[in-house]
Protein chains: 2
Amino acid sequence: MVQERPPRREPLTRTTVLHAAVAMADEAGTGVPSMRNLADRLGVKAMALYHHFRNKDVLLDHMIDLVFSEVELPPEGVDWQVAMRRRAVSMRGALIRHPWAIGLMDSRTNPGHATLRHHDAVIGRLRSEGFSIAGAAHAFSVLDSYIYGFTLQELSLPFESPAGLEGVAGSILEELPGDEFPHLAEMIVERGGRPGYAYTEEFDVGLDLILDGLRRQRESWP
Amino acid sequence: MVQERPPRREPLTRTTVLHAAVAMADEAGTGVPSMRNLADRLGVKAMALYHHFRNKDVLLDHMIDLVFSEVELPPEGVDWQVAMRRRAVSMRGALIRHPWAIGLMDSRTNPGHATLRHHDAVIGRLRSEGFSIAGAAHAFSVLDSYIYGFTLQELSLPFESPAGLEGVAGSILEELPGDEFPHLAEMIVERGGRPGYAYTEEFDVGLDLILDGLRRQRESWP
DNA sequence: ACCTGAACACCGTTCAAGT
DNA sequence: ACCTGAACACCGTTCAAGT
């Protein structure tokens, strides 16, 4: 009795695998899928994936690069501070849409093409606006540090960020020896229960402070 | 024939387990040990650990709290900007000494005692220097975002931070289509090969910019 | 009170083999 | 060219049992 062949899928491609991996990670909200679960979703055995990516680490490299490919480059035809703000807001958006990405950042070692183009565009725009090489390096460093750090805290909701105190206001206040941490308690009470977009407000405050500082210092860097 | 008893260790305590976990994580440089490897190191089977920590997640919570316990609180008797700088430098130091910690930040949900005391002290100091509640929240948010983000980039050496370009100057320049990313190439050439303490310099530049911005804005926040 | 053996349901990855 | 079976060396965690 001849066994009928299972319906033959389209053969996998790098791109199919990559997009499925990103989609699964986004859905899970936190953490990247296992090779075995990813394979299941693609109707294939885990080992098939190794035909397209040498190992999981290079898959992760490509996932990160895909996140960077979604970030808006500094737009032309507007003031440089506006351009930098737009880039920063877009970057935060991408990191929030793909909450698994920021945790991977500190273990990636091979920047992809979209990542390089992104960096090149930001540096290029700063240089064309009168920032020296050192100045552009400083500006890039402080902006990206702020964006990554803010998002890192935003994603670890319950606390960690004053803007996020609402989330745990209740539960923390209960356990908190109110008189041991009076300033924390006060801040939770005063700023608790604010609407969710408080994060965006808070992000803008710091971003404006930094952009203003960069404007002041721009000429001072050799 | 009576089997001789194996030499009986001191019984484990929460503290022994916790310190061994941190030590192993520090040595590994990256990533936290598995429960099984941690148990081996303590001369015990993995399941014994669950007698002291309900699961790995609460062990991780305590490890993070231990990192915070090493961070200097804003010192008394100095200008507030100096105090904030000392706290920031100390925080970066702790995160660099325990490079596994920053990657855990975005998945922790239960701040420990040392963490709460740290936050309370920072907020308290800002309040006593004339920052309003909103102002203290803004200051805390922008400072911690910067510290975390800078360290995150510093720990993902090869690139990601302009200050870290040296690390890969060579290898990247080779593969890089030099004319596709001219500004990146220029920055790598000009700033490549700088000594390792360049990170500390870079950290200070951004920190000063932010502290100066906070001084200017202090009165403006309701 | 403190620890363990055995088991369960997972991982990433290799290698030789199948179509 | 593309995929798989079987295997290896791992994970975290449970449960009932041992001393």
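Numbers restart at 1 for each chain; the letters A, B, ... are given by sequence-line order, proteins then strands.
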> Does the cation-pi check pass for B/Arg92 over B/Phe150, that is, NZ or CZ under 6.0 Å from the six-membered ring centre and within 45° of its axis?
Replying inline: no
Spacing of [X] atom [atom1] relative to [N] atom [atom2], expressed in whole Å:
{"X": "B/Leu49", "N": "D/dC11", "atom1": "CG", "atom2": "C1'", "value": "14 Å"}
{"X": "B/Met24", "N": "D/dC11", "atom1": "CE", "atom2": "C1'", "value": "14 Å"}
{"X": "B/Leu38", "N": "D/dC10", "atom1": "CG", "atom2": "P", "value": "16 Å"}
{"X": "A/His51", "N": "C/dA17", "atom1": "NE2", "atom2": "P", "value": "17 Å"}
{"X": "A/Asn55", "N": "C/dT13", "atom1": "CG", "atom2": "P", "value": "5 Å"}
{"X": "A/Leu60", "N": "C/dG12", "atom1": "CG", "atom2": "C1'", "value": "12 Å"}
{"X": "B/Phe53", "N": "C/dC2", "atom1": "CZ", "atom2": "C1'", "value": "15 Å"}
{"X": "A/Arg36", "N": "D/dC8", "atom1": "CZ", "atom2": "P", "value": "14 Å"}

>> Counting only side-chain nitrogens and oxygens, does B/His52 get under 4.0 Å of the OP1 or OP2 atom of C/dC3?
In response: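 B/His52 to C/dC3 OP1/OP2: side-chain N or O found under 4.0 Å.
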>> Between B/Lys56 and D/dG12, is there a contact of a side-chain N or O with OP1 or OP2 at under 4.0 Å?
In response: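 Yes, B/Lys56 has a side-chain N/O under 4.0 Å of OP1/OP2 on D/dG12.
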>> For the P atoms, the ones on D/dA9 and on C/dA9, what distance do you get once it is rounded to whole angstrom?
In response: 22 Å
> Would you call B/Ser34 and B/Asn37 a side-chain contact if the rule is heavy atoms closer than 4.5 Å?
Replying inline: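 In short, these two side chains touch, coming nearer than 4.5 Å.
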> When you match B/Ala48 and A/Asn37 each to their closest nucleotide on DNA chain C, which lands nearer the 5' end?
Replying inline: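 On the 5' side of the pair lies B/Ala48.
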>> Whether A/Asp120 and A/Arg125 form a salt bridge (side-chain N of Lys/Arg under 4.0 Å from carboxylate O of Asp/Glu) is what I want to check.
In response: no
>> Counting the atoms with a prime plus P, OP1 and OP2 as sugar-phosphate, which does B/Met47 contact under 4.0 Å by heavy atoms, base, sugar-phosphate, or nothing?
In response: base
>> Counting only side-chain heavy atoms from C-beta out, which of D/dG5, C/dC3, D/dG12 sits nearest to B/Val44?
In response: C/dC3
> Nearest to the side chain of B/Met35, which nucleotide is it out of C/dC11, D/dC3, D/dG12?
Replying inline: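 For B/Met35, the side-chain atoms sit closest to D/dG12.
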> Shortest non-hydrogen contact from A/Gly29 to A/Pro99?
Replying inline: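 Closest approach of A/Gly29 to A/Pro99: O-CG, 2.9 Å.
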> Taking all atoms of both residues into account, what is the closest heavy-atom pair of A/Ala39 and A/Lys45, and its distance?
Replying inline: CB-C, 3.5 Å
>> Looking at C/dC2, which nucleotide sits across from it as a Watson-Crick or G-U wobble partner, both distances under 3.5 angstrom, or is there none?
In response: D/dG18
> Given that both distances must come in under 3.5 Å, which nucleotide forms a Watson-Crick or G-U wobble pair with D/dC11?
Replying inline: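 Because no pair has both required distances under 3.5 Å, D/dC11 counts as unpaired.
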